[in-house]
Amino acid sequence: MDHAADALRTDLMTITRFVLNEQSRHPESRGDFSILLSHIVLGCKFVCSAVNKAGLAKLIGLAGETNVQGEEQKKLDVLSNEVFVKALISSGRTCILVSEEDEEATFVEASKRGRYAVVFDPLDGSSNIDCGVSIGTIFGIYMVKHTNEPTLDDVLQPGKNMVAAGYCMYGSSCTLVLSTGTGVNGFTLDPSLGEFILTHPDIKIPKKGKIYSVNEGNAKNWDGPTTQFVEKCKFPKDGSSSKSLRYIGSMVADVHRTLLYGGVFLYPADRKSPSGKLRVLYEVFPMSFLMEQAGGQAFTGKQRALDLIPKKIHERSPIFLGSHDDVEELKALYAAEDKE
């Protein structure tokens with residue numbers, strides 16, 4: 001990338017302009033989705049600012065509450081959740097919201113109701129705030145059939161029914177990665193303009209990668225196929241080079257690296273967490289949606305991740321996602337085990 005040339009560019013593709021361009025390809029659209037997305041973008045800017053000031057503003061201390069997953073909430077979690085809930089309701093385009101921080105789904109009052117359901121994790125990886133590791137917001141958007149009387153069934157749909165998904169990573173730069181079902185694009189926040197600018201157009205994950213990403217501290221509890229795959233990454237028998245292990249422990253950061261550099265991200269089920277640890281609706285689905293849109297795959301150990309039909313809003317699932325060929329290897333190992 002020629003940074004000097006980029007600094008002098010005057011024709012900037014902002015996320016607003018990008019979404020409006022996409023909208024113009026659909027003559028039947030009424031602009032509802034563009035308005036909803038602009039509210040999500042505003043929420044991301046607000047949280048980015050709060051994360052950057054966290055150390056100074058003493059927002060890091062515990063809020064003294066525990067969320068529905070049994071994790072201690074940081075004040076930033078609470079703040080981020082409130083920001084997104086309010087931004088989404090005030091857009092007038094949503095009818096149901098599901099957040100990692102709220103035990104129950106939020107049903108928007110009739111006067112502010114729209115035709116979209118949004119599932120989100122307002123601040124994923126928040127336990128890493130203290131040490132400055134990248135954290136982020138993950139979201140997925142569904143279209144609801146009947147906005148008059150929305151029910152939980154409107155969000156308990158397979159991930160393949162999502163109309164859009166994305167995440168915003170708050171790290172050395174603030175990056176928003178988005179897919180509306182026609183590829184994946186990355187936008188970086190320019191603080192001087194206060195705008196997200198298109199910096200990673202049409203992201204394609206390499207077909208095969210040189211990195212694997214997993215918490216090896218859980219290795220003693222893994223099943224056979226996961227153990228075999230990681231062993232193969234470290235000690236390949238075909239003469240190829242070993243894969244490098246990279247694990248940050250913040251899903252947004254690990255998936256972002258996997259998306260750009262290739263490889264595979266694993267969060268398998270194990271004896272300690274037989275259903276896996278990551279939540280289906282607002283972690284597994286959005287990331288799987290992005291991965292497939294970028295040419296990769298997402299697999300649960302039993303099926304394509306986006307074909308899962310969740311029964312509860314905070315349901316968990318194992319997940320393997322990343323480069324097409326790497327996930328294919330994992331699928332072969334699980335298929336071989338099933339035959340035995």
Side-chain angles (χ1 to χ4, degrees), residues 1-9 12-16 18 40-60 74-77 79-80 83-84 120-139 165-179 184-206 209-215 244-265 283 286-287 290-291 294 296 321-322:
M1 190 182 278
D2 185 347
H3 291 289
D6 275 0
L8 299 172
R9 278 173 60 202
L12 299 173
M13 176 64 80
T14 66
I15 193 163
T16 310
F18 181 85
I40 291 174
V41 167
L42 178 65
C44 292
K45 288 177 184 174
F46 187 101
V47 174
C48 176
S49 170
V51 167
N52 289 341
K53 288 187 285 202
L56 296 169
K58 296 196 175 174
L59 285 165
I60 282 173
K74 304 264 176 165
K75 284 185 179 173
L76 269 178
D77 291 15
L79 179 72
S80 306
V83 164
F84 277 102
F120 61 99
D121 185 345
L123 205 59
D124 183 74
S126 53
S127 60
N128 291 309
I129 292 167
D130 300 31
C131 60
V133 166
S134 295
I135 53 183
T137 298
I138 309 172
F139 61 90
Y167 60 81
C168 188
M169 185 175 71
Y170 315 112
S172 54
S173 59
C174 179
T175 307
L176 196 151
V177 174
L178 174 72
S179 174
V184 182
N185 292 279
F187 303 83
T188 304
L189 183 64
D190 182 335
S192 62
L193 297 174
E195 286 279 6
F196 279 99
I197 308 295
L198 180 64
T199 49
H200 297 74
D202 197 20
I203 297 169
K204 294 280 182 232
I205 186 170
K210 297 176 182 171
I211 296 171
Y212 72 104
S213 184
V214 66
N215 181 359
S244 298
L245 169 65
R246 297 282 183 272
Y247 186 69
I248 298 163
S250 169
M251 190 191 191
V252 171
D254 278 313
V255 170
H256 186 65
R257 185 202 54 248
T258 305
L259 201 55
L260 296 183
Y261 300 160
V264 63
F265 170 83
E283 290 176 327
M287 294 310 201
L290 290 166
M291 209 48 83
L321 47 80

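Computed from a predicted structure; not experimentally measured. Quick note: residue numbers are just sequence positions, from 1.
Residues Met291 and Ile205 have side chains in contact (heavy-atom distance under 4.5 Å, counting atoms from C-beta outward). Proximity of Leu42 to Ile40: side-chain heavy atoms (C-beta onward) are nowhere separated by under 4.5 Å. You'll find the side chain of Ser80 stays beyond 4.5 Å of the side chain of Phe46, heavy atoms only. In this structure, the side chains of Leu189 and Leu176 stay at 4.5 Å or more apart for every pair of heavy atoms. Here the side chains of Lys204 and Val184 are not in contact, with every heavy-atom distance at 4.5 Å or above. At least one side-chain heavy atom of Cys168 sits under 4.5 Å from a side-chain heavy atom of Cys174. Residues Glu195 and Asp190 form no side-chain contact, since every pair of their non-hydrogen atoms from C-beta on lies 4.5 Å or further apart.
Distance check, rounded to the nearest 0.5 Å: CG of Leu178 to CZ of Phe196 gives 11.0 Å. Rounded to the nearest 0.5 Å, atoms CD1 (Ile211) and OH (Tyr247) are 15.0 Å apart. One distance of note links CG of Asn185 with OG of Ser179; it measures 8.0 Å at 0.5 Å rounding. We find the CZ-OG1 distance between Phe120 and Thr137 to be 9.0 Å, quoted to the nearest 0.5 Å. The CD1 atom of Ile197 sits 4.5 Å away from the CG atom of Leu12 when rounded to the nearest 0.5 Å. Distance check, rounded to the nearest 0.5 Å: CG of Leu79 to CZ of Phe84 gives 10.5 Å.
Ile135 pairs in a side chain to side chain contact (heavy atoms under 4.5 Å, CB included) with only one of the listed residues (Val47, Val252, Val51), which is Val51.
Taking both residues in full, the closest heavy atoms of Ser134 and Met169 are given as CB-CG, 4.0 Å, listed atom of the first, atom of the second, then distance. Minimum heavy-atom separation, Leu290 to Leu259: O-CD1, 4.4 Å. Taking each heavy atom of Thr188 and Thr199 in turn, the nearest pair found is OG1-OG1, 2.7 Å. The minimum heavy-atom distance between Gly249 and Asn128, with the atom names listed, is O-ND2, 3.5 Å. For the pair Ser213 and Leu245, the tightest heavy-atom approach, listed with the atom from each and the gap, is CA-CD1, 4.5 Å. Closest of all the heavy-atom pairs between Gly186 and Leu198 is O-CD1, 3.5 Å.
Residues meeting the ring pair (Phe, Tyr, Trp, His ring centres under 6.0 Å) test with Tyr167, sequence neighbours left out: His256. With sequence neighbours left out, Phe18 forms a ring pair (Phe, Tyr, Trp, His ring centres under 6.0 Å) with Phe187. With sequence neighbours excluded, no residue forms a side chain to side chain donor-acceptor pair (under 3.5 Å) with Asp124. In terms of the ring pair (Phe, Tyr, Trp, His ring centres under 6.0 Å) criterion, Phe139 has no residue partners (sequence neighbours excluded). A search for side chain to side chain donor-acceptor pair (under 3.5 Å) contacts involving Ser250 returns nothing, not counting sequence neighbours. The side chain to side chain donor-acceptor pair (under 3.5 Å) test applied to Arg246 returns no partner, not counting sequence neighbours.
Put simply, the side chain of Thr258 gets close to the backbone of Asp254: a donor and an acceptor are under 3.5 Å apart.
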Met251 vs Ile138, side-chain contact (heavy atoms from CB on, under 4.5 Å): CA-CA, chis, key distance, verdict: CA-CA 9 Å; Met251 190 191 191; Ile138 309 172; 4.2 Å; yes
